[in-house]
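The structure under discussion appears below in the form of structure tokens.
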Number of protein chains: 2
Amino acid sequence: MQTIEELLREKKIKVTPQRMAVYAVLQRTKDHPNVEMIYRELKPNYPAISLATVYKTVDILKKVGLIQELSFGEGGLRYDSVTLPHAHIFCRNCGKVVDIESISPERLRELLLMESVAEETGFHISSMQLYFYGLCLYCNNKQSES
Amino acid sequence: MQTIEELLREKKIKVTPQRMAVYAVLQRTKDHPNVEMIYRELKPNYPAISLATVYKTVDILKKVGLIQELSFGEGGLRYDSVTLPHAHIFCRNCGKVVDIESISPERLRELLLMESVAEETGFHISSMQLYFYGLCLYCNNKQSES
DNA sequence: ATTTCTGCAAATGCTTTGCATTGCA
DNA sequence: TGCAATGCAAAGCATTTGCAGAAAT
């Protein structure tokens with residue numbers, strides 16, 4: 001198990017406390033936070049950190065492939081330190097995002113590597129996302145009450 | 001084949017020239033345009049139309065289920081009048097969006113109805129999106145040249 | 001006649017940018 | 001020491017909102 005410092009160094013980007021902190025947040029949470037959430041999480045321990053830095057940091061972590069970006073269309077992007085292919089489900093009411101484990105990485109990789117898709121479209125495919133949308137248990141119960 | 005007017009009336013929303021025009025653009029194109037593109041497309045024939053109206057219109061068309069919204073994370077959303085489940089591929093360079101036909105609606109519906117996903121997450125699932133990302137033929141050639 | 005929609009302009013809010021300062025290598 | 005990253009404030013954009021007039025039912 002590599003340390004965060006080693007991971008950043010391996011990607012040849014400068015190691016700063018802010019970058020380690022942002023990545024650490026993403027590693028320890030399963031919440032798929034957006035920039036604002038990461039910022040709020042860090043603020044107590046890094047009172048001087050700025051939103052701009054968090055924006056720049058997720059951008060560079062994404063570019064070097066340490067994290068992936070999710071886009072559910074709510075306005076704002078979500079970040080995930082798990083870069084293996086896996087599906088996500090998004091609650092249309094509260095915005096909660098949950099990983100889906102019952103669709104295996106292998107099954108997703110099959111979809112990703114489908115030659116017919118590349119042939120049909122002429123695209124050179126580099127990644128994919130499978131998103132489900134609905135209501136989480138809590139929001140669903142709340143709605144049926146009213 | 002129903003006219004656009006009939007479709008809107010059926011959804012119990014007021015039939016206005018602007019709404020018919022926006023929906024007509026989405027029906028006739030396969031470009032998956034964003035709001036700006038729809039606006040530019042309409043401007044010549046509807047010089048008085050405003051961006052705000054296009055925003056409000058796609059919003060209501062989406063809510064009544066006549067169109068679907070796609071979110072590739074580029075900033076801005078894309079719209080599609082084909083609401084049957086189908087996968088899309090997005091060019092990271094030029095933003096082109098192409099429908100994928102080789103993954104059938106049936107196969108996607110299978111994924112959508114997977115009970116394990118609902119069970120695992122406790123969500124009430126209402127829809128899904130399968131997105132591929134890569135480079136289109138043109139952008140891919142351009143990149144290898146340089 | 002009533003309700004809803006449109007178009008304008010202003011406001012909002014997220015994200016990016018420029019730049020002086022700080023900090024890593 | 002040199003180059004890159006940070007933090008701040010300002011700028012930039014896309015989207016939303018409020019509202020008066022217009023249009024649909």
Side-chain angles (χ1 to χ4, degrees), chain A residues 3-25 32-64 66-67 69-79 95, chain B residues 3-25 32-64 66-67 69-79 95:
Chain A
T3 64
I4 292 177
E5 186 174 341
E6 287 166 344
L7 283 169
L8 297 178
R9 224 173 277 288
E10 205 170 280
K11 297 295 184 181
K12 310 223 190 290
I13 61 174
K14 271 196 183 166
V15 179
T16 69
Q18 293 88 340
R19 287 178 178 176
M20 293 196 286
V22 167
Y23 187 64
V25 166
H32 308 82
N34 61 24
V35 168
E36 185 71 33
M37 297 164 185
I38 297 171
Y39 175 75
R40 281 205 306 269
E41 175 82 21
L42 290 175
K43 200 68 182 170
N45 293 319
Y46 297 80
I49 203 171
S50 75
L51 253 183
T53 297
V54 180
Y55 274 105
K56 290 168 189 165
T57 302
V58 294
D59 208 55
I60 196 165
L61 292 177
K62 175 183 66 177
K63 279 185 181 132
V64 301
L66 279 177
I67 65 176
E69 195 176 71
L70 309 176
S71 178
F72 295 98
E74 19 143 30
L77 304 165
R78 303 298 195 95
Y79 296 92
Chain B
T3 64
I4 292 177
E5 185 174 341
E6 287 166 346
L7 283 169
L8 297 177
R9 223 173 277 288
E10 204 170 281
K11 298 295 183 181
K12 312 223 188 287
I13 61 175
K14 273 196 182 168
V15 179
T16 69
Q18 293 88 340
R19 288 177 178 176
M20 292 196 286
V22 168
Y23 187 65
V25 166
H32 308 82
N34 60 25
V35 168
E36 184 70 33
M37 297 165 185
I38 297 170
Y39 175 74
R40 281 205 306 269
E41 175 83 21
L42 290 175
K43 199 69 184 171
N45 293 319
Y46 297 80
I49 203 170
S50 75
L51 254 182
T53 297
V54 180
Y55 274 105
K56 289 167 188 165
T57 303
V58 294
D59 207 56
I60 196 165
L61 291 178
K62 175 183 66 177
K63 278 186 181 133
V64 301
L66 280 177
I67 65 177
E69 195 176 71
L70 308 176
S71 177
F72 295 97
E74 20 143 29
L77 303 165
R78 303 299 195 94
Y79 296 92

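Every chain is numbered from 1, with letters handed out A, B, ... down the list of sequences. What you see is a predicted model; the values in this text were computed from it and never measured.
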For the side chain of [X], counting heavy atoms from C-beta on, which of [options] is nearest?
{"X": "B/Arg9", "options": "D/dT25, D/dA5, C/dG7", "answer": "D/dT25"}
{"X": "A/Thr57", "options": "D/dT16, D/dT6, C/dG23", "answer": "D/dT6"}
{"X": "B/Ile49", "options": "D/dC3, C/dT6, C/dG7", "answer": "C/dG7"}
{"X": "A/Ile60", "options": "D/dA5, C/dG7, D/dT25", "answer": "D/dA5"}
{"X": "B/Ser50", "options": "C/dC5, D/dT6, C/dC8", "answer": "C/dC8"}

Heavy atoms only, 4.0 Å cut-off, all strands: where does A/Val35 land among base, sugar-phosphate and nothing? nothing
Give one of base, sugar-phosphate or nothing for A/Pro47, where a contact means two heavy atoms less than 4.0 Å apart. nothing
Looking only at side-chain N and O atoms, does A/Gln18 come under 4.0 Å of OP1 or OP2 in C/dG23? no
Looking only at side-chain N and O atoms, does A/Thr53 come under 4.0 Å of OP1 or OP2 in D/dG7? yes
Within this structure, what is the [atom1]-to-[atom2] distance between [X] and [N], rounded to whole angstrom?
{"X": "B/Leu51", "N": "D/dT15", "atom1": "CG", "atom2": "P", "answer": "9 Å"}
{"X": "A/Tyr39", "N": "C/dC14", "atom1": "OH", "atom2": "P", "answer": "13 Å"}
{"X": "B/Asn34", "N": "D/dT15", "atom1": "CG", "atom2": "C1'", "answer": "12 Å"}
{"X": "B/Arg19", "N": "D/dA24", "atom1": "CZ", "atom2": "P", "answer": "11 Å"}
{"X": "B/Glu36", "N": "D/dG12", "atom1": "CD", "atom2": "C1'", "answer": "14 Å"}
{"X": "A/Glu5", "N": "C/dG23", "atom1": "CD", "atom2": "P", "answer": "17 Å"}
{"X": "A/Lys12", "N": "C/dA25", "atom1": "NZ", "atom2": "P", "answer": "13 Å"}
{"X": "B/Leu77", "N": "C/dC14", "atom1": "CG", "atom2": "C1'", "answer": "14 Å"}

DNA chain D: 5'-proximal contact among B/Lys14 and B/Ala52 (nearest heavy atom): B/Ala52
DNA chain D nearest-nucleotide lookup for A/Ile13 and B/Gly76: closer to the 5′ end is A/Ile13
Report yes if a donor N or O on one partner sits less than 3.5 Å from an acceptor N or O on the other, where the partners are the side chain of A/Lys56 and the base of C/dT16; otherwise report no. no
What verdict does the side chain to side chain contact (heavy atoms under 4.5 Å, CB included) test give for B/His32 and B/Tyr79, after you've listed the backbone C-alpha separation in whole Å, the side-chain angles of each residue and the deciding distance to 0.1 Å? CA-CA 5 Å; B/His32 308 82; B/Tyr79 296 92; over 6 Å; no
Side-chain donor/acceptor of B/Arg19 to backbone N/O of B/Lys14, under 3.5 Å: yes
More than 12 foreign heavy atoms under 6.0 Å from NZ of A/Lys63: is that the case here? no
If the threshold is 4.0 Å, N to carboxylate O, is there a salt bridge linking A/Asp59 and A/Lys56? no
Full working for side chain to side chain contact (heavy atoms under 4.5 Å, CB included) between A/Leu8 and A/Leu61: CA-CA 9 Å; A/Leu8 297 178; A/Leu61 292 177; 3.7 Å; yes
